[in-house]
Every structure is written in C-alpha cells, then in structure tokens.
A.B. asks: 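Quick one: the structure is below, and I'll ask about it shortly.
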Amino acid sequence: MDTAMAYWLMKSEPDVYGIDHLAAEPDGTEHWDGIRNYQVRNLFRDRFQPGDQAFFYHSNTKVPGIVGIMEVVSEAYPDHTAFDPDEKYYDPKSDPDHPRWLMVDVRYIRHLDRLITLAELKADPALADMRLVQRGNRLSVMPVSEVEWQHILDMEKQDGNDNR
DNA sequence: GCCAACGTTGGC
DNA sequence: GCCAACGTTGGC
C-alpha cells in the first residue's frame, strides 16, 4: 500500500502527558499508548504510516487547543500497557497472543509559535468539516485533511485575537 | 440483537 | 464541578 502522507490530530491532557513531556523524551520519541477506542485502534492499524504528521492537542485544560507538531515514526504495534494489571488502562481481554489494542510511536517536531485555541478553530468556517469541531465528537485521534493542515499552519502566523 | 444502564470524555 | 454526548456492556 503506498498512500500519500496523512495528517492527524491527537489529543492528550497536558497534566497527564503534554507536549513538553514528549519534547523531553530521549530523541523526542515515545509511544502513544492507552488508546481503548476501536475507531482509533483501526486508524492506527489501517491508516497510520511512518512519516505522517500530527498536531499535538491539549484537551481537558483551561484553554484547549493545538500546541505543536509531531511525526509518526512507527507502524502500529500491540499496546503492552493493556497486558499489565498495574496499568491504568489494563484490559484483561487483551493479551500478547491476541492483542486487542495498538499504539504507534511519535516524535516531537516543534511547538507552534502560539496556542491555536479550540475557540478559534470552531470560529473558522474553513475548518467546519473537522471532526474536532463537530458536536459530540469523542475521538482522541482523528484525521486532518491536507487543506485543513495548511490552513491551521497559516493561522499560526496570525494574531489569535482576531485574524486578518 | 435490542436497548437501558453505566462509564468516560472533555468543553464549559 | 457539571453535564451532554457518546461508546460499551450485559441482561433478556
């Protein structure tokens, strides 16, 4: 399968694991574990490829939004944290012979020059089709189109308070 | 295979 | 801290 590079948005709570944590890892690389949602598992399995790029999004925090960029650096592989009873996301229905959950490795690329807030993303008509801004969306990993990706990078260069 | 109950996510 | 929206579970 040789499809074009894809773009993603991946949420994490900064108090639990934020972009500064990733940036501080050896080689800026860490596995994105703890996904226990089948839609996301399937994205990992079927659509994630090394070389894809992803926005790092801070959720469940005072001002949620996009804070940086990372790169996917592995194929999907079994999430071993599901095997360990001491882990928060232990799942007794997953075992090494029949792993139910997958993860990918990601590498820190850079912080954005500024936080692009969820409020801004919601207010921008060009981004109305993003899963992120749609009602009741609960995916913690979701696709971003190339057009949306570029648009958000353009927003980075603008003043967040009001555009243009 | 339906669907109520429950747990989780995550914005506000 | 509240609660809407959603996914999952399990009884039937």
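Throughout, a chain's letter reflects where its sequence line sits, starting with A, and its residues are numbered from 1. Just so it is clear, the values below take in all heavy atoms, side chains as well, and ignore hydrogens, waters and symmetry mates. Remember, predicted model here, so these are calculated numbers, not experimental data.
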A.B. asks: Contacts to DNA chain B from residues 80-89 of chain A, heavy-atom cutoff under 4.0 Å, which residues?
C.D. replies: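 Correct list: empty, so none.
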A.B. asks: Rounded to whole angstrom units, what separation is found between the CG atom of L139(A) and the C1' atom of dG7(C)?
C.D. replies: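 These atoms are roughly 10 Å apart.
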A.B. asks: Between I35(A) and M103(A), is any pair of side-chain heavy atoms under 4.5 Å apart?
C.D. replies: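 Heavy-atom side-chain distance check fails, nothing below 4.5 Å.
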A.B. asks: Is the shortest side-chain N/O distance from K122(A) to OP1 or OP2 of dC12(B) below 4.0 Å?
C.D. replies: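 Checking dC12(B) against K122(A), a side-chain N or O does come within under 4.0 Å of OP1 or OP2.
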A.B. asks: Write down the distance between CG (N42(A)) and P (dG7(C)), rounded to a whole number of angstrom.
C.D. replies: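 Distance check: N42(A) CG to dG7(C) P gives 13 Å.
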A.B. asks: Under 4.5 Å between side-chain heavy atoms, counting indirect links through other Ile/Leu/Val/Met/Phe/Trp/Tyr residues: same cluster for L153(A) and M130(A) or not?
C.D. replies: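 Linked within one cluster.
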A.B. asks: Report, one line per pair, each donor and acceptor closer than 3.5 Å where one atom sits in a side chain of residues 51-70 of chain A; sequence neighbours left out.
C.D. replies:
from	atom 1	to	atom 2	distance (Å)
D52(A)	OD1	A6(A)	N	2.9
D52(A)	OD2	W8(A)	NE1	3.0
D52(A)	OD2	Q49(A)	N	3.0
H58(A)	NE2	I19(A)	N	3.1
N60(A)	ND2	E13(A)	OE1	3.4
N60(A)	ND2	E13(A)	OE2	3.4

A.B. asks: With respect to W101(A), which candidate in F44(A), Y38(A), F83(A) satisfies the ring-ring contact (aromatic ring centres under 6.0 Å, His included) definition?
C.D. replies: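 Going through F44(A), Y38(A), F83(A) one by one, the ring-ring contact (aromatic ring centres under 6.0 Å, His included) with W101(A) is satisfied by Y38(A) alone.
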A.B. asks: Does K11(A) have a side-chain nitrogen or oxygen under 4.0 Å from the phosphate oxygens OP1 or OP2 of dG10(B)?
C.D. replies: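 For dG10(B), OP1 or OP2 has a side-chain N or O of K11(A) closer than 4.0 Å.
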A.B. asks: When you match N60(A) and G136(A) each to their closest nucleotide on DNA chain C, which lands nearer the 5' end?
C.D. replies: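 With N60(A) and G136(A) compared, the 5'-side residue is N60(A).
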A.B. asks: Figure out the CG/P separation between D91(A) and dT8(B), and round it to whole Å.
C.D. replies: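 To the nearest whole Å, that distance equals 13 Å.
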A.B. asks: Looking at R110(A) and E71(A), does any basic side-chain N land under 4.0 Å from a carboxylate oxygen?
C.D. replies: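 No salt bridge links R110(A) with E71(A).
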A.B. asks: What is the distance from CG of N37(A) to C1' of dG7(B), rounded to the nearest Å?
C.D. replies: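 Distance check: N37(A) CG to dG7(B) C1' gives 14 Å.
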A.B. asks: What integer distance in Å separates N137(A):CG from dC6(C):P?
C.D. replies: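 So the CG-P distance, N137(A) to dC6(C), works out to 9 Å.
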A.B. asks: Does H111(A) form a ring pair (Phe, Tyr, Trp, His ring centres under 6.0 Å) with Y108(A)? I'd like the steps, not just the answer.
C.D. replies: CA-CA 8 Å; H111(A) 283 66; Y108(A) 171 81; 5.4 Å; yes
A.B. asks: For Y38(A) and dT9(B), what is the distance between atoms OH and C1' respectively, to the nearest whole Å?
C.D. replies: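 So the OH-C1' distance, Y38(A) to dT9(B), works out to 18 Å.
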A.B. asks: For dT9(C), take OP1 and OP2 only and decide whether either is under 4.0 Å from a side-chain N or O of K93(A).
C.D. replies: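 Answer is yes, contact under 4.0 Å.
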A.B. asks: Reckon R135(A) has a side-chain N or O less than 4.0 Å from the OP1 or OP2 of dA5(C)?
C.D. replies: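 For dA5(C), OP1/OP2 do have a side-chain N/O of R135(A) under 4.0 Å.
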A.B. asks: Look only at the side chain of R114(A) and the backbone of M155(A), and say whether a donor-acceptor pair between them is shorter than 3.5 Å.
C.D. replies: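 Flag set: sc R114(A) to bb M155(A) pair under 3.5 Å.
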A.B. asks: Identify which nucleotide among dC12(B), dG7(C), dG10(B) has an atom closest to any side-chain atom of L118(A), counting heavy atoms from C-beta outward.
C.D. replies: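 Selected nucleotide: dC12(B).
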